[in-house]
Each structure stands twice: as structure tokens, then as C-alpha cells.
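Presented below is the structure to which this report refers.
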Amino acid sequence: MEQPEVDSHKLMYHPDRVAEWKEKGDCYPVYVEIGPTNYCNNDCVFCALDFLKNGTHMIDTDVMTSALKEMAECGVKSVMFAGEGEPLMHKDIGLFTQKAKEYDLDVSITTNGSVFTTKKIEQCLPNLSWIRFSVDSGSAENYARVHGTKPENFERVMDNIRETVMYRNKNGLKTTIGAQFLVIHQNMDQPAILAGRLKDMGVDNLQIKPYSHHPNSVNNLAIDREQYNALERTLERYNSDGFKILFRKATAERLDLERDYHECYGLSFFTLIEAKGNIIPCNLFHDNSEFTYGNLYEHSFKEIWNGEKRKEILKKLRKQGVGECRKGCRLDASNRYLERVTNSHPHDNFL
């Protein structure tokens, strides 16, 4: 199973889109993250969106499927169902993955895995390029503390992951099945325990991710980078042809680097759709009407993306700069690349 690249960016694989952006100053996004619901059945201590109230919104099915079709027509390449809540809580998540695949979008899901039932596995998995389970512990007791749930839910998640692997293998699917572990003080003794279990199940990879503080978040659980990097040596022994530890060392290093760019160029290549139908620049702006491009219940994706309000917001964000942005954010590596693309150096023509 081909392993994903998770510690950098992939804009170099989309030269036409980058060229369009460089020429016109804008383009349609390559990748869109979608929150089908803002309800979550976990209460994780590390949640970056702890400043949001746990909601009850489920995006309308017709609105979502229509938006997926239009995004594909506009040139969007991929979607990930994640967002402010647990995406698998939406009753039509299976239909969403089916329609997205039908419209020739690459599809993925990030989930806590607790409600990935047999029915949802059968509905979703054939349509997915990859699925990532957020499992931030290796034992029931620690899992309960970190995820803010009952201890018995840990084995339920493990069973669901095992069933996902078995269904993938039985049906000859190419879906990459991975897990993610966010490292904080409360779980630093757990990654190796989890890695061993996942490897035995036939999972493809375990991504070890450093904590990055969201500027609006109540929690701040960052650990020392040396402590984080020390885990890499502990986990190396689990690597094999069929299972990889994806240790995000470069991401951790960027958390300590000064930004060499002064505006977020990446906002042309990426956007978020909230459960309420709002389209926003990134997760700094959840429930923030001032920085909402538009709403899918009122306008189409194409109208919103090309609309005057989005242009005004981008202008405002350029003026505002990135000084208050989240360090090591999703677009950080892309911004460093685009800054270099935008500003030529004297010897660039010497290959």
C-alpha cells in the first residue's frame, strides 16, 4: 500500500493550478474540508475547537450533494469529511462519499471511529482514497481521559478499525487505512502500545503529530520539541513493508521557525465548509460572520467563490497578515513554497 506524504505540501504536483494563481492572483481550490455536522460524541482534552459549542447542525443532504457536484465542475480535486464535529454522525455520510466519488473527486474521512458501523463501512469505504482514525491512546483508561469518553469506547474503536481492514482486504479495495496520534503530556507513554496493536491489525500507518495551539482554543498542551522527537526512536522498530510510522518531524520543526511569508497565499487552494453551510477561509474563522465568504443555502459554491464578499475578505486578510495565525497550520508549508514561487532569486535559471 502506497504511503501518503504528510509532512510537507503537494502544490508542486499541481503546476497548472499554481501557474493560474500566479498569473491571475486566484484560482479554485484543489482541496476542500467539509464538516457535515458540528456535533461530536467525544470531548477531547486537546480539541483545537474547544471554543465552539457542541452543536446539533447537520448540513442538508441536497445542499451538500449539489455543492459536491459544482465543486467538481469548478476543478476541485479532493474533499475530506471532518470539520467541527464527528463526520460519521451525519446520517447521509455514505451518500456524500458516494456522490463525491461519482463526481470524480478524491474522497477521505478523518474520524474518531466510534460510530463506524458495519453499514457505514460498506457505504463509505469503497469510495475513499483514505480514512484516518484519530486514536490518541493505546489503553482504555488513558483513552477515556484523553478523548473525554467511556473506557469501553476504546475497544469499540479498535473493533471498528479491525473490521474496516478486514472489509478492505476482503473486497480488494485500495483505500489506505491509517490512524493519527496527537502527542500531549497526557499520552506520551502510549504511542508504542497503539502502534503495536495497529500493526497487528493490518493498518497501513500511524501518523504521529505534534500539538499546535489554536489561537482561539482554551487548551494549550504543547510539549517540548526534544521530548516529541525522542518518540521517533522509540517507534522506529514498528516500521515494516506493510506498516509505517509517519512521524511529523518537519511539522514540529516549523512550529519553532519564523514565518518567511507575510500573507496566506494558500487560501486560494483550500477552503472549509461548515455544518451550517458557511464557506470560510480556515478554522480560525468558525462561527465568524465577518470572515464568512458566503452560505450554500443562499448561493452556489461558484457564486460564493467568485463573489465580492470573498474578494473583500481576502483583501482584509492580506492587509492583516499572518502574525496572529496558528503556527504550523495546515497551509504553512504551502505558504513557504508559494512565497518562493512568487519571489524569484538571481540564480533560479541555473538548473
Side-chain angles (χ1 to χ4, degrees), residues 1-13 31 46 78 80-82 106-113 116 121 124-139 142-143 146 154 157-184 187-212 223 225-255 328 330 332-334:
M1 185 68 63
E2 185 177 348
Q3 298 294 348
E5 299 173 50
V6 298
D7 215 16
S8 183
H9 69 93
K10 299 173 186 171
L11 283 182
M12 73 282 281
Y13 305 133
Y31 168 63
F46 55 76
S78 65
M80 178 177 74
F81 292 103
D106 291 337
V107 192
S108 63
I109 290 177
T110 293
T111 173
N112 63 40
F116 205 31
I121 291 171
C124 296
L125 207 66
N127 307 310
L128 302 182
S129 297
W130 55 264
I131 185 168
R132 183 185 302 138
F133 294 91
S134 293
V135 190
D136 305 277
S137 185
S139 63
N142 186 264
Y143 179 85
V146 171
F154 177 71
V157 171
M158 292 293 102
D159 288 343
N160 291 346
I161 295 174
R162 186 180 295 106
E163 184 176 354
T164 302
V165 172
M166 291 173 64
Y167 183 87
R168 189 268 307 271
N169 295 347
K170 179 180 177 182
N171 291 278
L173 303 178
K174 295 182 179 180
T175 310
T176 300
I177 300 171
Q180 175 175 289
F181 189 108
L182 182 69
V183 180
I184 55 177
N187 63 11
M188 285 194 66
D189 61 339
Q190 300 286 308
I193 304 170
L194 180 63
R197 289 200 62 175
L198 295 177
K199 182 175 182 177
D200 289 344
M201 287 182 191
V203 171
D204 298 307
N205 61 67
L206 172 60
Q207 182 179 154
I208 307 297
K209 184 177 179 181
Y211 174 92
S212 168
I223 65 171
R225 185 151 60 92
E226 288 187 9
Q227 288 181 289
Y228 173 79
N229 287 341
L231 291 172
E232 185 175 22
R233 294 187 292 275
T234 303
L235 295 168
E236 283 176 348
R237 68 180 185 273
Y238 293 98
N239 282 314
S240 65
D241 290 341
F243 181 78
K244 296 296 181 185
I245 297 293
L246 305 177
F247 195 85
R248 296 185 62 169
K249 191 170 185 177
T251 300
E253 290 173 354
R254 285 197 299 272
L255 291 175
R330 182 190 301 276
D332 181 60
S334 295

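- In this structure, Phe247 and Leu231 have side chains that are in contact, with non-hydrogen atoms separated by less than 4.5 Å.
- Note: Thr175 OG1 to Ile121 CD1 = 11.5 Å, rounded to the nearest 0.5 Å.
- Of the charged side-chain nitrogens involved, none lies within less than 4.0 Å of a carboxylate oxygen, so that Asp200 and Arg162 do not count as a salt-bridged pair.
- Between the side chain of Ser108 and the backbone N or O of Trp130 there is no donor-acceptor pair closer than 3.5 Å.
- Few gaps surround CE on Met188; more than 12 heavy atoms of other groups in view lie less than 6.0 Å from it.
- Across all their heavy atoms, Ile177 and Val165 have their closest contact at CD1-CA, 3.7 Å.
- Taking CG of Leu198 as the reference point, atom CD1 of Ile161 lies at 5.5 Å (rounded to 0.5 Å).
- Here the straight-line distance linking atom CG of Asp106 with atom CG of Asn127 works out to 11.5 Å at 0.5 Å rounding.
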- [ ] Before giving the answer on side-chain contact (heavy atoms from CB on, under 4.5 Å), spell out for Tyr143 and Met158 the whole-Å C-alpha distance, their side-chain angles and the decisive distance to 0.1 Å.
- [x] CA-CA 11 Å; Tyr143 179 85; Met158 292 293 102; over 6 Å; no
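- The two residues Lys199 and Tyr238 come nearest to each other via the heavy atoms NZ-O, 3.1 Å.
- What you find for Arg225 and Ala252 is that their closest heavy atoms are CD-O, 3.3 Å.
- The heavy-atom pair separating Pro191 from Leu206 by the smallest distance is O-CD2, 4.1 Å.
- Using modelled atom types, one finds a donor on one side chain and an acceptor on the other under 3.5 Å when comparing Ser137 with Asn142.
- For the pair Gln190 (side chain) and Ser139 (backbone), a donor-acceptor distance under 3.5 Å is present.
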TODO: Please lay out, stage by stage, how Thr110 and Gln180 fare under the test side chain to side chain donor-acceptor pair (under 3.5 Å).
DONE: CA-CA 9 Å; Thr110 293; Gln180 175 175 289; over 6 Å; no
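- To the nearest 0.5 Å, atom NZ of residue Lys10 and atom OG of residue Ser78 are 8.5 Å apart.
- Side-chain contact between Val135 and Phe181 is absent, with no heavy atoms from C-beta onward closer than 4.5 Å.
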Open item on the list: Would Ser129 and Val107 count as a side-chain contact (heavy atoms from CB on, under 4.5 Å) here? Give the steps.
Closed with: CA-CA 6 Å; Ser129 297; Val107 192; 5.7 Å; no
Open item on the list: Phe116 vs Phe133, test: side-chain contact (heavy atoms from CB on, under 4.5 Å). Steps then yes/no.
Closed with: CA-CA 10 Å; Phe116 205 31; Phe133 294 91; 3.8 Å; yes
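- Here the side chain of Asn112 pairs no donor or acceptor atom with the backbone of Ser134 at under 3.5 angstrom.
- Remark: the backbone N or O of Leu125 is not paired with any side-chain donor or acceptor of Arg168 at under 3.5 angstrom.
- Nearest approach of Thr234 to Ala192, heavy atoms of both residues: CG2-CB, 4.4 Å.
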Task: Test log, rule side-chain contact (heavy atoms from CB on, under 4.5 Å), inputs Phe46 and Asp136 - done: CA-CA 10 Å; Phe46 55 76; Asp136 305 277; 3.3 Å; yes
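- In this structure, the separation between CZ on Arg254 and NZ on Lys249 is 13.5 Å, given to the nearest 0.5 Å.
- Asp204 contributes no side-chain N or O that, together with a main-chain N or O of Thr176, makes up a donor-acceptor pair within less than 3.5 Å.
- Rounding to the nearest 0.5 angstrom, the gap separating the CG atom in Asn229 from the CD atom in Glu253 is 6.5 Å.
- Side-chain contact between Ile208 and Leu246 is absent, with no heavy-atom pair separated by less than 4.5 Å.
- The shortest side-chain heavy-atom distance between Thr111 and Arg132 does not fall under the 4.5 Å cut-off.
- Asp7 contributes a side-chain N or O that, together with a main-chain N or O of Thr251, makes up a donor-acceptor pair within less than 3.5 Å.
- Side-chain atoms of Asn187 do not come within 3.5 Å of backbone N or O of Val183 as any donor-acceptor pair.
- Glu236 CD: more than 12 foreign heavy atoms inside a 6.0 Å radius.
- Minimum interatomic distance between Ile245 and Asn239 (heavy atoms only, all atoms of both residues): N-OD1, 2.7 Å.
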